[in-house]
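Structure record follows, encoded as structure tokens.
In what follows, chains are A, B, ... by sequence order, proteins preceding strands, each numbered from 1.
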2 protein chains.
Amino acid sequence: MQPDREKDRGTAAAQARDGLREAILRGEYLPGERLVEAQLIERFAASRFNVRAALQDLAGEGLVQMERNRGAHVRKVSLEEAVEITEVRMVVEGLIAARAAERVGDEQAAELDEIGRLMRAAVAEGEYRAYSDLNQRLHALIRAISAHGTADRIVETLRGQLVRHQFMLSLLPGRPQTSLPQHERIIAAIRDRDPKAAENAMRDHIASVIEALRSIDYLGGPA
Amino acid sequence: MQPDREKDRGTAAAQARDGLREAILRGEYLPGERLVEAQLIERFAASRFNVRAALQDLAGEGLVQMERNRGAHVRKVSLEEAVEITEVRMVVEGLIAARAAERVGDEQAAELDEIGRLMRAAVAEGEYRAYSDLNQRLHALIRAISAHGTADRIVETLRGQLVRHQFMLSLLPGRPQTSLPQHERIIAAIRDRDPKAAENAMRDHIASVIEALRSIDYLGGPA
DNA sequence: GGCTACAAAATTGTCAACAATCCCGGCGGG
DNA sequence: CCCGCCGGGATTGTTGACAATTTTGTAGCC
């Protein structure tokens, strides 16, 4: 769906685009914040031409919203949109998990188990930051195993739009305890090369993420 | 995922983009064909600035591929990619169908049934072109009922990348006879407000499209 | 004939200046 | 005091020219 990211790595245009994306994903620009071309030119040492190209690219990824004559803003995704996005992620990652179960090799299965071990340890010792990293690593590994370029690009794009919400999610107390067994189920299903079980496990897991997302609404309320 | 299409309808930039997209989707530019900026400027009476913006947008939609210093081409999707794209469509349209079953209203249910009737008539009388139009109308109506903006945008984008393959598909003999009962099952499940059944019916339907897609490989072979 | 080297043409990449638009003050009238 | 009505500054939109790159055509050599 999105253009290949490898197309021109290293050029000024690509550097501006990747740098701006990283900055937004890091939260250095908050949702709704205005992205003034002149400032971006300074920050990324790029020409206006390249800055504009970067903005247009990121608008295509849904990270930036552009309004004619009114400039570019970091896109603000409402809770409702976040739920929609995660629903799509649920089914697409389900597809990915099923395919991973069909294609997983022995050494990859071992790596999955290793991540599972580390996850249990992290939760047992309350190292939630490490657990969060492992979570990303697990999902990334499953996507790599599935080797489904199309699904992978879509999930990656969707994930980008949710960074802010994902961040709030990780702060929810009790989340690791809830998601750990779900992750274990996913790992087991893929290791056992059971596509249907892997898809179900992944969908159940992300469905629970959606529930957690919705619960934030009551906690944080509208900003 | 993709930026809102309504953002600036009517401007020169939007006209160039939409015009070029239509032209590609109509098959006026064949996959792999080079898109020379100067030609597009003439054809769409747009400035180079707008033509380039249009190309970049369509690259974001996956319709166009751009290579540095080598210009833009209509993206060529291999059969393997077409299968991947359709697999993603399968799960996302499954989600849409499930949600449509949750939200369908009485008059919408009637419209679904009406489309079903027209489909049966079209197949009975061998009017395959009419059947193909009804097929699009059915999928579009289901997407409208589901009111899932995120999923809708993704499916629309994916569909665009497949026009060429979809076209070949409709020429496959026996397709309408295969897909008619599948469509009827989808309609019935949504009308009965059974989300799970609707999702399964939709997935089975598109799974059969994937099979048909694969069969083209043996018929048409690599170009 | 086939191959390489080189020049010319075509095409795309980039820039800097200019035009159009919007936003935010103040100003005057009611 | 509130409201509409101008500026002026800031910001984005667009253009045309020029630079860099690729592609094409040609001549010379083996």
Under 3.5 Å, which donor-acceptor pairs link side chains of residues 46-54 of chain A to any protein atom two or more places apart or in another chain?
unit_1: A/S47; atom_1: OG; unit_2: A/N50; atom_2: N; d: 3.3
unit_1: A/S47; atom_1: OG; unit_2: A/N50; atom_2: ND2; d: 3.4
unit_1: A/R48; atom_1: NE; unit_2: A/E37; atom_2: OE1; d: 2.6
unit_1: A/R48; atom_1: NH2; unit_2: A/E37; atom_2: OE1; d: 3.4
unit_1: A/R52; atom_1: NH1; unit_2: A/E37; atom_2: OE2; d: 3.2

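- Partners of B/E156 according to the side chain to side chain donor-acceptor pair (under 3.5 Å) rule, which considers only residues two or more places apart in sequence or in another chain, are B/R143, B/R159.
- With a cutoff of under 4.0 Å to any heavy atom of chain B, the contacted region of DNA chain C is bounded 5' to 3' by C/dT11 to C/dT14.
- A/R137 pairs by the salt bridge (Lys or Arg N to Asp or Glu O under 4.0 Å) definition with nothing, not counting sequence neighbours.
- Residues meeting the side chain to side chain donor-acceptor pair (under 3.5 Å) test with B/E33, sequence neighbours left out: none.
- Residues forming a salt bridge (Lys or Arg N to Asp or Glu O under 4.0 Å) with A/E111 (at least two apart in sequence, or on another chain): none.
- With sequence neighbours excluded, the residues forming a side-chain contact (heavy atoms from CB on, under 4.5 Å) with B/R175 are B/L169, B/L172, B/T178, B/S179, B/S208, B/V209, B/A212, listed by chain and number.
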(request) Indicate for each nucleotide in nucleotides 11-21 of chain D, in 5' to 3' sequence, whether protein heavy atoms under 4.0 Å reach the base (B), only the sugar-phosphate (S), or nothing (-). (result) SBBBB-B---S
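- In terms of the ring pair (Phe, Tyr, Trp, His ring centres under 6.0 Å) criterion, residue partners of A/H205 (sequence neighbours excluded) are, by chain and number, A/H139, A/H183.
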